[in-house]
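Okay, structure first, notes after.
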Amino acid sequence: MECDDVTGGLEFDVESDDDDAINVQESDVLGDISDFWDDLAETSDDQRANPHTKQGSVTEGPNAENGLSRIALDDNKAGMDGLDKQKINDIIFSVSKGSRFYENEARKDEMARKRTERAVQELGRLKSLDLTTERSIVEQLCTKLEAQRDLSKVIVHVDMDAFYCAVEERDDPSLKGKAFAVGGTAMLTTASYAARAFGVRAAMPGYIALRLCPELKFVRPDHRKYSAASEEVRKVFQRYDPNFRPMSLDEAYLDLTPYLSMHPEDTPITVVSRMREEILSETGLTASAGIAANSLLAKVCSDRNKPNGQYFLPFDRESILEFVQALPVRKPPGIGKVTEQFLHALGIRTCKEIWDNRVYLYKLCSAASFDYFMRVVMGIGSSHEDRFGSGPDRKSISHETTFYPTSDATAMRATIRRLSHSLSVEMAEEKIKGNTVTIKLKRSDFRVFQKSKKLMRYLKMEDDIVAVALELLNDELQVNPGIELRLMGVRMSGLASSEVDKNVGIAKVSESSEYLGLIPKHLFSI
DNA sequence: ATACATACC
DNA sequence: TACTGGTATGTAT
């Protein structure tokens, strides 16, 4: 018998870290926007913001900058005023220290630190160079981006407040105001606002959360309930933008432009207020929203007045630049902990400082990263983002499972078969096929590996997927017998529709082999 | 083309 | 008692 499979079917799905209680008032940063754009025009000698001078003065204590920011409390999302971060981090570290998970995080952190260190060295060298040429290239790039600025659309990002917890609280009033979390002792998907006051967060292991908040209650996740609630919420979205783009059960982007042009008496603010009231009255759940000229900005705005609030960012360039440049680098979506640390090491802590150091970043980063940074700090949306209605098809589909670490090859193969089975079932439901199979392996020390194989034909049948996935696994077991795993996954990519287009006449063509060279690849479905 | 890393929910 | 599951994309080779 094959004894793979350990995790009791907990369907995790970490809800957005999003909201965090309280506050958020207009930051009074204000100031000299005036020379923001002017810098571009005149190739001025900015940069004197001299990144390095701030280096030494880290006030956040031992963990914040130098230590393991991966492990430390993520204080990005607002509303952490009454929180003793030092104490919380001490607890998190003392509980995690020495675990295999911790050691792996430390290893990854060290890798990233080395990369960053090279960039810091390089920055020092760049400082002594004449970057006139680069400056003008950057200027041109930014002028191109500026030409893409689109202030004509009204985009709103709606984000439900502590969604899973809110649903549970609605259905069980005894939870009201209590510190509880949805999830188990291994992993939390959502924390109630009362629990967040203790530093408890989504994506935090429950047993650590329990140290932070001994009275924490656990509620088992019930996805059907959340899906049902999400459906109700989406019915409201539908009324305002039939092409709304859901990002998860609790979050979506809407383009309100058409609605507003059909309702001249409305404003973005009144529409979103009404929409949030309808969500509340029809589902008993509160939502927060951000209204801005593009989805990137709207996303940042929706976090601003959470929970149960909304924030409107005016649709003029000056307001947008002022808003964006005051942001800490961690705020915009896409800049995570690693990139934040990278930027911090360069002395860059706000989006204004990204702008000020753009010539150095141009030299230090890849073209894609630089382009993204500039889009962020100029408040330009990313290029394809706000084309609603024609959402791109999914590019991959995968299943994975965590289990008690094992070296048992038979159990591993059984798990591959089981994952391939469920994958093929879902692929059938979705009517898709794929030509690339990837297996994912996580060793008991948490190091992750993957092996993939691109085929000349499309697969969708369980047995075919199993065959390729097993081949990949066996290759690895050859090279690395005795390897101990805690997770395996199977992914299919290179996807295409598996529905046969009846107009094309498969039978006719496939019977005459002389046409083979001309048959489009996608007709070779199996 | 493949492997690995980062990010988001 | 013990650090998820799913998808997309960027970076490196």
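A note on names: the letters A, B, ... follow the listed sequences, proteins ahead of strands, and every chain is numbered from 1.
- In the set C:dG5, B:dC8, C:dA8, C:dA8 carries the atom at the smallest distance from any side-chain atom of A:Lys395.
- Note on A:Lys451: every side-chain N or O is 4.0 Å or more away from OP1 and OP2 of B:dA1.
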Would A:Trp355 and A:Gln325 count as a side-chain contact (heavy atoms from CB on, under 4.5 Å) here? Give the steps. CA-CA 8 Å; A:Trp355 176 255; A:Gln325 75 170 333; 5.9 Å; no
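- Sorted by first and then second residue, the ring-ring contact (aromatic ring centres under 6.0 Å, His included) pairs with a member in residues 431-450 of chain A read A:Phe101-A:Phe446; sequence neighbours excluded.
- In this structure, A:Phe218 places its CZ atom 13 Å from P of C:dC3, rounding to the nearest Å.
- Residues A:Glu400 and A:Ala368 each lie close to DNA chain C; by heavy-atom proximity, the contact nearer the 5' end of the strand is made by A:Glu400.
- In this structure, A:Met204 atom CE and C:dA2 atom P are separated by 18 Å, rounded to whole Å.
- Between A:Ser369 and C:dT11 there is a side-chain polar atom (N or O) within less than 4.0 angstrom of OP1 or OP2.
- Protein atom CZ of A:Arg100 is 16 Å distant from nucleotide atom P of C:dT1, rounded to whole Å.
- Taking atom P on both C:dA2 and B:dA7, the two are 29 Å apart, rounded to the nearest angstrom.
- With no hydrogens or angles considered, no side-chain donor-acceptor pair links A:Ser192 and A:Arg196 at under 3.5 Å.
- When all heavy atoms of A:Pro332 and A:Val376 are compared, the closest pair comes out as CG-CG1, 3.5 Å.
- Note on A:Ser366: a side-chain N or O is less than 4.0 Å away from OP1 or OP2 of C:dT11.
- Rounded to the nearest 0.5 angstrom, A:Ile91 CD1 and A:Ile208 CD1 are separated by 10.5 Å.
- In this structure, the CZ atom of A:Phe403 is 10 Å from the P atom of C:dG5, given to the nearest Å.
- In this structure, A:Arg330 does not reach the B:dT6 phosphate: none of its side-chain N or O atoms is under 4.0 Å from OP1 or OP2.
- Side-chain atoms of A:Ser248 stay outside donor-acceptor range of the base of B:dC8, with no qualifying N/O pair under 3.5 Å.
- Residue A:Glu251 has its side chain nearest to B:dC9 when only B:dC8, B:dC9, C:dT7 are considered.
- Using a 4.0 Å heavy-atom criterion, one finds that A:Lys440 contacts no nucleic acid atom at all.
- Residue A:Thr401 has no polar side-chain atom (N or O) positioned under 4.0 Å from OP1 or OP2 of C:dT4.
- Contact annotation: A:Arg70 side-chain N/O to B:dT6 OP1/OP2 distance is under 4.0 Å.
- Between the P atoms of B:dC8 and C:dC3, the separation comes to 23 Å (whole Å).
- Rounded to an integer number of Å, the gap from CD of A:Gln450 to P of B:dT6 is 14 Å.
- Listed pair A:Thr185 / C:dT1 fails the phosphate criterion, with no side-chain N or O lying under 4.0 Å from OP1 or OP2.
- The nucleotide whose nearest atom lies closest to any side-chain atom of A:Thr339 is, among B:dT2, B:dC9, B:dT6, B:dT6.
- Under 4.0 angstrom from either OP1 or OP2 of C:dT7 there lies at least one side-chain N or O belonging to A:Ser398.
- Proximity of A:Arg107 to the phosphate of B:dC4: no side-chain N or O atom is located under 4.0 Å from OP1 or OP2.
- Here C:dC3 is the nucleotide among C:dG5, C:dC3, B:dC4 with the atom lying nearest to any side-chain atom of A:Ala186.
- Legend: residues meeting side-chain hydrogen bond (donor to acceptor under 3.5 Å, both in side chains) with A:Asn104, ordered by chain and number and at least two apart, are absent.
- Backbone-only engagement by A:Ile335 is indicated by non-hydrogen atom pairs under 4.0 Å involving sugar-phosphate atoms exclusively.
- Distances were taken from every side-chain heavy atom of A:Asp250 (C-beta onward) to each of B:dC9, C:dG5, C:dG10; the shortest belongs to B:dC9.
- When the nucleotides C:dT7, B:dT6, C:dC3 are ranked by their closest atom to the side chain of A:Arg486, C:dC3 comes out on top.
- Of the two residues near DNA chain C, A:Cys365 and A:Lys442, the one whose nearest nucleotide lies more 5' is A:Lys442.
- For C:dA2, the OP1/OP2 oxygens have a side-chain nitrogen or oxygen of A:Tyr404 closer than 4.0 Å.
- Listed candidates were C:dC3, C:dT7, B:dC9. Nearest to the side chain of A:Ser396 is C:dT7.
- Rounded to a whole Å, the CZ atom of A:Phe370 is 20 Å from the C1' atom of C:dT9.
- Here C:dC3 is the nucleotide among C:dC3, B:dC8, C:dG6 with the atom lying nearest to any side-chain atom of A:Phe446.
- Considering only the side chain of A:Ser452, B:dT2 comes nearest among B:dT2, B:dC8, C:dC3.
- Under the 30°/60° scheme for interplanar angles, the aromatic rings of A:Tyr102 and A:Phe93 are found to stand perpendicular.
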